[in-house]
Structures are given as structure tokens and as C-alpha cells.
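Only one structure is covered here, and it is reproduced in the block below.
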Amino acid sequence: MNNFKTSTKSDKIKVLNVAEKPSVARSIANVLSKDHRIEETKSPFNKLFKLDYRLKDVEVEMWITSVTGHLKSLKYPQKYQSWEKWDPIIILKEAEIENNISTDKQNLELNLKNFASICNRLILWLDCDREGENIAFEVMEVCREANPNIQVNRAHFSAVTYVDVRRALDTLKYPDQNLSNSVIARQEIDLRIGASFTRFQTLLLQKQFNLSSIVSYGPCQIPTLGFVVQRQKEIDSFVKEQFWFIQSEDDQKCIYNWDRTHLFDEFIVALLFERCYQESATVINVQQKDVQKWKPYPLCTIEFEKLASKKLRISAHKAMELAERLYNKGYISYPRTETNKFPPTINLQTIIRDQQNHPVWGEYATNLLNFAFEYPKAGNKDDKAHPPIHPVKMMIENEAQNKQEWDVYQLITRHFLACCSKNAKGSETTITLQINDETFSKSGLVIKEKNYLEIYIYEEWSQSQVPNYQQGDSIKIKLTLQKGSTSPPKPMTEAELIGLMDKNGIGTDATIHEHINTIQDREYATKRGQIIKPTKIGLALVESYEILGFTLHQPFLRAVMEQRMNEVALGKKEKSQIVQATINEMTIILKQLQEKQNLIIKTFGSYLEALKNYDEDNDNDDNNNQPRIPLDEGEETTQNQPKANKKTRNQRNKKSDELPKNSILPPSICQFCNSLCVTNKQLNGKLIQICPKLCQIQEDINQNGHHQSTQNKDNCFQCNLCQNFMKIRYSKIKKTNFLGCSSYPQCNQAIFLPDTVKSIKLIDKKCTKCGSPLFSLQFNENYNQVHQASFFCLFPGCQFIIKTDWKQNKDSNQTSFVGKQQNKVENTGKYPFNPHQQNKNFYNKEKSNNQQKFPYQKN
DNA sequence: GCAAGGTC
């Protein structure tokens with residue numbers, strides 16, 4: 001029996017208005033008339049508001065109701081339920097997919113059908129984004145089933161304020177099929193890839209390694225994990241590097257910073273120290289300038305989550321839960337918004353006025369209204385649907401359900417008040433000292449007006465004093481030679497991860513926190529405090545992708561997908577075209593994973609075994625700097641460059657360009673940069689020539705004046721990507737040597753050798769053809785060596801006895817690759833999923849004769 | 001037992 005009742009007495013034209021959520025329906029009703037009537041519907045949350053309105057000079061009865069997000073959802077039919085029975089390739093490529101109204105949305109469907117059958121017109125008030133446009137089509141379809149003649153329009157609004165809603169009604173448009181299609185394409189791609197890859201991975205690994213969770217794959221969750229793993233690898237491969245610097249201190253204990261900061265070469269610093277050492281300095285400049293500390297941008301969801309995590313120590317997921325609760329209780333505006341600028345139609349003064357009686361910040365709010373108000377800065381993000389998060393009703397501390405709820409309300413309100421305040425203002429004084437050819441400086445700050453900092457307790461601006469010197473003063477100084485060392489990258493915080501996801505387009509404002517939750521649910525990562533670290537399962541999974549040459553954990557996979565969605569949204573491509581293309585590409589990858597399944601098990605297992613104590617270590621020590629991951633480096637971890645030292649020596653020591661040119665002995669010319677070198681005598685009596693740009697790190701000069709290079713004996717030849725040196729490395733997983741770039745992990749360049757080669761050794765001979773150093777090779781015991789040569793050149797392409805090539809760089813369109821000689825691959829750069837897919841590399845020897853056609857190869 | 005996107 002139909003228990004729905006609504007009055008249909010009026011003869012006026014009835015216009016059905018449908019919003020994406022109950023709150024928007026309520027706001028539209030409020031904005032259009034305070035006299036609206038509220039009726040219950042079949043869905044307890046989704047009320048029906050009725051009011052009389054004059055629409056384009058016609059008196060109409062507006063019926064305003066809502067849905068709650070999507071009505072429909074994609075699903076595989078029942079017959080595909082069994083994971084074991086169906087090849088994941090079928091699930092990915094061929095299985096049909098149903099798009100039906102979800103069971104929990106059937107009441108809403110009945111509502112819409114009921115209302116539409118009575119109404120003459122339908123106005124779609126779904127959020128003005130792609131998802132909203134798709135929901136608009138879902139609503140329209142249902143309404144048209146009940147009333148095929150219903151006249152349909154789309155309202156475009158940038159905020160639910162009187163002005164915006166009226167404007168939207170005056171300029172009604174039509175829904176955009178292209179935008180909606182891009183969402184359907186995304187849904188299908190996500191489901192097909194997610195379901196098929198998850199089934200494949202779970203069936204392959206779960207039982208084998210006794211894992212308690214499924215081994216899911218999703219185009220957002222795995223790149224999220226990828227970020228976490230990448231950071232951990234950087235920390236684990238970090239090697240401390242020492243640096244030296246000169247410190248100067250005056251008799252007021254004020255320490256001045258060396259303008260060269262620090263250098264990584266003790267000789268140079270010692271030399272400079274010796275040259276500038278004295279007990280007085282000249283004040284060459286005293287500069288005073290006004291400075292400001294900028295107030296924050298209006299609060300969008302992403303920023304709110306980051307702040308909650310960083311400043312309140314509340315996880316993004318929990319913070320969203322608390323914000324939603326505050327929103328439902330009417331204390332704050334809608335918390336899922338991408339917008340960080342206030343629409344001009346919102347009345348900020350009214351919002352501030354609501355806080356005037358607050359016991360904590362009432363006085364501050366009053367001051368803002370009276371004299372201190374300044375319009376908020378405008379950010380550059382706008383979802384056209386919701387304003388930035390702001391308070392809509394005053395809450396005092398004891399009205400909050402708990403401390404966390406209060407903290408979140410407080411953050412949102414203080415942030416809002418800060419946005420409506422002036423920047424903090426101060427005065428900065430910088431003193432510059434000259435001591436011979438070296439300069440040192442020190443800045444001090446005096447805060448003149450705190451302004452927004454009075455209310456925004458989450459930021460600090462610390463004052464510091466500098467002595468009262470005048471330009472030209474000569475002051476007493478104490479110079480010391482100091483030593484320091486680089487520190488490892490910091491562990492990944494949740495706030496940083498959110499930032500990375502946002503920047504790389506992984507997830508949306510409404511889902512980012514869910515993906516972070518998912519990787520924890522799947523036991524890929526753990527969170528302690530605000531620090532997120534991968535578990536051994538997460539590491540093993542990502543490292544297996546990496547080592548087998550797949551880029552499934554990289555963010556660009558999603559970025560490419562987004563780009564394709566845009567093409568559909570703009571009407572440049574058909575949705576079927578891009579679904580087909582993406583699925584075809586992913587089919588190739590899934591087939592390769594299937595072909596390599598034994599190898600995957602082996603690789604994943606090796607990592608799990610190597611990392612068996614990893615999680616325990618995690619609990620004991622946050623950051624002990626010890627390599628824990630088998631980084632494919634074995635004993636060679638000392639070769640890795642720390643993140644801080646990513647720049648080359650030349651770049652790091654750029655200021656050394658200005659070194660004085662005179663030196664102890666007649667200088668020579670640097671063979672790399674033609675600079676005049678400086679000479680110094682070591683304790684053992686040897687003379688050292690040093691290029692001021694540090695091109696030549698050290699050159700021994702024997703007394704006859706001949707140069708003898710002391711460059712690292714392990715260096716092979718220069719990497720073609722970063723110009724650092726390739727080195728012999730040892731892969732624990734494959735138990736063989738390979739050549740890897742010394743800048744790993746910043747540079748991933750590598751040259752792998754045939755399985756038949758067990759180890760390689762650099763010898764003191766040069767290739768007569770290309771000048772690279774030669775290697776002696778040890779072959780596997782069971783390998784019947786046919787090569788006549790004793791020594792081999794491994795420089796890519798130099799000789800054909802041992803075929804080598806540069807590994808393809810995933811970020812470039814280079815056509816080189818790891819492996820044996822094969823047809824040149826043409827990479828259109830169109831879809832950079834798996835750069836190795838046609839590279840039947842030496843891990844995959846058994847398949848090497850069975851070459852597939854590369855999908856991007858022309859003809 | 002699969003994804004990600006809405007929303008409650």
C-alpha cells in the first residue's frame with residue numbers, strides 16, 4: 001500500500017525541484033520562501049518542501065525535494081559471484097555490467113516517480129560538478145519513466161544563497177550528457193579494473209602467504225600506497241653525508257649564518273676558514289623592511305583534513321566524521337567542498353555577528369565588525385557547489401559532545417575569523433657582516449600587529465632580536481669551523497599524504513580520507529600518531545610491481561584516466577572509445593601479470609621473507625636510518641644519495657664560484673669547467689688541486705706534476721639520465737650483479753644482464769672502442785661459455801657479445817629498454833602504463849621467444 | 001570477498 005500522501009489541491013503549475021542532498025533542498029526552500037510547508041516522504045531524511053513562487057512571471061507551486069547522492073550503482077550480475085570460476089580477464093574485458101537503482105535508494109525512486117507524475121516541470125539542482133551532472137541524468141530518467149512529458153531544466157548555482165538561487169532560476173539550462181558520460185566511463189573503468197585485478201592478486205597471494213585481508217587493487221588506493229612506500233624507501237636508503245661550515249658569533253652571543261650555508265667538502269671549508277680567519281668583522285649592511293605573515297585561505301575540505309591531522313592530531317577520516325556531525329546538527333556549513341574562495345553573494349558580516357556573544361572569541365568578532373574586518377583572500381579552487389567551510393551557528397564548549405568535536409568546531413570558526421582578519425605585520429632587520437671575502441648574516445623580527453594571529457592559535461610567528469649595529473661598525477667576532485650532517489627525509493605524515501594525493505589527483509575531497517583508510521584496512525599501511533608507514537605486505541606488493549616492471553602504483557595512471565575523462569566531458573571523445581581503450585591496455589597488463597604469476601609469487605615471497613621483522617622494527621623505532629628493505633642494492637646502500645643532496649656537487653656548492661682565485665701553488669685549470677683551481681697541501685704532504693666548482697673532487701699531484709685520478713674505483717660510466725655514475729650493484733632478490741645509477745632512488749636507471757651472468761667485476765682496462773672501463777664476468781656454473789673474450793665492455797650498445805641497453809625511463813618517451821636486442825618499440829607516450837611490457841627482460845626468459853605485438857606500435 | 005564516487 002502506498003503510504004505516501006501529498007496535497008495536490010492547487011491548480012497551479014507544479015515544478016519539481018530535486019537537489020543532491022537534503023540540506024540543499026532545505027536551503028533552497030529557505031531561500032525562496034520562509035513560508036514553505038514541509039511534508040514527510042517515503043524516505044525519512046529526504047523531506048518535500050512546498051512553496052508558491054513566481055517563476056518567469058508565472059505563479060507556480062514549487063515542490064523541492066532531494067536524493068542522497070547517486071541513485072544507481074554498477075554491479076556484476078550474480079553469475080560472476082564466484083572468484084574461482086571466472087578468469088579475471090573475462091571480468092575485466094567481457095563480463096556484462098548492470099547499472100541499477102541500489103536497493104537502499106528504492107524509496108527515493110518511488111518518491112521521484114510519485115512527484116514527477118503530478119508535476120509538469122522538473123528542475124535539477126544537483127551539485128554543479130561531473131558527478132552531479134550524472135546524478136541529474138539518473139533523476140531525470142526516473143522522473144521521465146513516470147511522466148514522459150515532464151519538461152526538464154538544469155539549475156546552475158555557485159552557492160545556495162538568495163542571489164545565486166534566484167539567478168539560477170532566471171537562467172535555467174539543460175543537463176550536459178557529455179559530463180554525465182565521463183562519469184559513467186569512470187565508473188565502468190574503476191569497477192572492471194578494480195574487480196579483475198583484486199581477484200587476480202587475492203587468488204594468487206592470499207592463501208599462499210596466509211594473508212588475512214584480500215589483496216585489493218584500485219586506481220586510487222594503490223597509488224596512495226605508492227606514495228607511502230616511496231617515502232619509506234627514501235628513508236631506508238638514506239645515507240648521512242657530512243658537511244662543514246663556518247660559524248661566526250659576536251660578543252653578544254648572536255650567531256650569524258654563513259652565506260654559503262655549508263659545503264660538503266672539508267678541504268674547501270678549511271681553506272676558506274683559514275683565509276678568512278680573524279677576530280673582527282665589518283657590518284656592511286643593516287636592512288630593515290616591513291614583512292607580513294599571511295592569513296589563511298578560506299577552508300576547503302582538503303585543507304581542513306590536513307589541519308585537523310597536523311594541528312589537532314585528529315585523523316582525516318575522524319575529522320570528516322566529526323565535521324559531518326557538526327554539519328548535521330547545524331553548526332557548520334557543508335564540509336565537503338573544494339572551494340577556497342567565498343562567493344560575493346555570501347554575507348560574511350552575518351556569520352561573524354553570530355559569534356559576537358561567544359565567551360572565547362566574542363570580543364574578537366565584535367572588533368572585526370567594528371573596525372578590523374578585511375575581506376578574505378580568494379583561493380583558486382571552486383567547485384561551484386559549496387562555499388568554503390564556515391560556522392553557521394555559535395557553539396560553546398559545553399555544548400560539544402566531546403573534546404574532539406569542540407576542537408573541530410573551534411578550528412573551523414577560528415579559521416573563518418582569521419580569514420576575515422588582516423595579515424600579521426612585522427619588521428625584519430637583517431645584519432650582514434663581512435669578514436675578508438666571506439659574508440655572514442642574521443635576521444631578527446619584531447611583530448608590530450598580530451591581527452589574525454590573535455585568533456588563529458594554530459600558527460606562530462616568533463620574534464627574535466638582533467644587536468643594534470650601524471653600517472660601517474667594526475665588531476668583535478669569534479669564528480669557528482663547524483661540522484654537521486644531512487638528515488634523512490622525515491616519515492610521511494597523513495597531512496603530507498593528503499597533499500600528495502590532492503596534487504596528483506588521487507581521489508576527491510570527499511574520498512581522499514577513505515583511500516587512506518582503505519590501505520590500512522587492507523593491511524598495506526599502518527598509522528601511528530600522524531605517521532603513516534607501509535607494512536611488509538604493502539612494501540612487498542609495490543616492490544613486486546616495481547621489480548617486475550609494472551607501474552600500477554604510480555599516480556600517472558590515474559592522471560591519464562582523468563585526462564581521458566576530460567576528453568569525454570568536453571565531447572571530444574565517446575565514452576565507449578575511452579573505456580575500450582583503457583580496458584584493452586589493462587588487459588595486456590593483466591595478461592602479463594598472469595604470465596608472470598610464478599615470478600610474482602617468488603618476488604612477493606622474497607620480500608615478505610626479507611622483511612619478516614619489518615613491522616616489529618617499525619614499532620620499535622620510528623627512524624633509525626638503517627636500511628631494512630632489500631633495495632636491490634645489497635651491500636651497496638652507501639651509494640645512495642640522500643634527498644637533501646639530490647643536487648649535484650656543482651649545484652650544491654654553487655656559491656663556490658665566487659672563491660678567490662689565488663692559491664698556495666701556481667694553479668691549474670679544471671679540465672671540466674676551465675676554472676682556475678686552488679691548490680692545498682695535505683697532512684701527508686700531497687698537493688691537492690681543487691676546482692672551485694668542485695668538478696674535480698680531488699686530484700693528487702705527484703711531485704712531477706702528473707695528475708693521478710683518485711676518482712671512485714667503482715664508477716663505471718655516466719648514467720644517461722642524470723649524469724652521475726653507474727655502479728656495480730647486487731640484487732638480493734635475483735642474486736646477481738647489475739649496473740645501477742649511484743643516484744638511486746632519485747634516479748632509477750639500471751642495466752640488467754643476462755641470467756647467464758652471475759657476477760661482474762670492474763677491471764683496470766678501458767674499451768678500445770668507446771673508452772668505458774671493462775669488466776670481467778663470471779658466468780653461471782651450468783652455462784657453457786662460448787665467448788672468447790676475457791673482458792667485456794658493458795656500455796650500452798658498444799659491443800654485441802653481451803647485449804645491454806639503458807632501462808626505459810618511465811617518465812620519458814625514450815625508446816630504449818632493458819633486455820636483449822629486439823625490435824625498436826615505438827612509444828606514443830599516449831598511455832604510459834607499463835614501459836616494460838614488451839621488454840622480455842631476463843627475468844622472463846622462458847617467455848622471451850613468444851613476443852606479443854606491442855599495442856602502441858604503428859601498423 | 002572486488003573500485004571509486006555520491007551521501008546519511
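The figures that follow rest on heavy atoms only: side chains count, while hydrogens, waters and symmetry mates do not. Every chain is numbered from 1, with letters handed out A, B, ... down the list of sequences. These numbers were taken from a predicted model, which means no experiment stands behind them.
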Between A/Glu138 and the options A/Lys72, A/His70, A/Lys105, the side chain to side chain donor-acceptor pair (under 3.5 Å) test singles out A/His70
Have a look at A/Glu567 and tell me which of A/Lys573, A/Gln577, A/Lys572 forms a side chain to side chain donor-acceptor pair (under 3.5 Å) with it. A/Lys573
Run A/Lys575 and A/Glu188 through salt bridge (charged side-chain N to carboxylate O under 4.0 Å, His left out) and show every step you take. CA-CA 10 Å; A/Lys575 73 166 191 285; A/Glu188 183 170 344; over 6 Å; no
Once you measure the plane-to-plane angle for [X] and [Y], does it fall in the parallel (<30°), tilted (30-60°) or perpendicular (>60°) bin?
| X | Y | answer |
| --- | --- | --- |
| A/Phe416 | A/His390 | tilted |
| A/Phe209 | A/Phe604 | tilted |
| A/Trp125 | A/Phe157 | tilted |

Considering every strand and a 4.0 Å limit on heavy-atom distances, what is the contact class for [X]: base, sugar-phosphate, or nothing?
| X | result |
| --- | --- |
| A/Tyr334 | sugar-phosphate |
| A/Gln81 | nothing |
| A/Glu324 | nothing |
| A/Arg186 | base |
| A/Arg325 | nothing |
| A/Ser73 | nothing |
| A/Arg336 | base |
| A/Glu188 | nothing |
| A/Glu84 | base |
| A/Asn134 | nothing |
| A/Gly507 | sugar-phosphate |
| A/Tyr217 | sugar-phosphate |

Upstream residue (5' side of DNA chain B) when A/His386 and A/Ile214 are each assigned their closest nucleotide: A/Ile214
Using the closest heavy atom to pick a nucleotide of DNA chain B for each, name whichever of A/Ser216 or A/Glu514 lands nearer the 5' end. A/Ser216
When you measure from the side chain of A/Thr301 to the backbone of A/Asp509, do you find a donor-acceptor pair of N or O atoms at a distance under 3.5 Å? no
Taking the six-membered ring for Trp and the full ring for Phe, Tyr or His, determine whether the centres of A/Phe550 and A/Tyr545 are under 6.0 Å apart. no
Nucleic acid contacts - residues 91-110 of chain A versus DNA chain B, non-hydrogen atoms under 4.0 Å: A/Lys105
So where does chain A start and stop touching DNA chain B, 5' to 3', when the test is distance under 4.0 Å to a non-hydrogen atom? B/dG1 to B/dC8
Tell me, do A/Pro77 and A/Glu96 make a side-chain contact under 4.5 Å, heavy atoms counted? yes
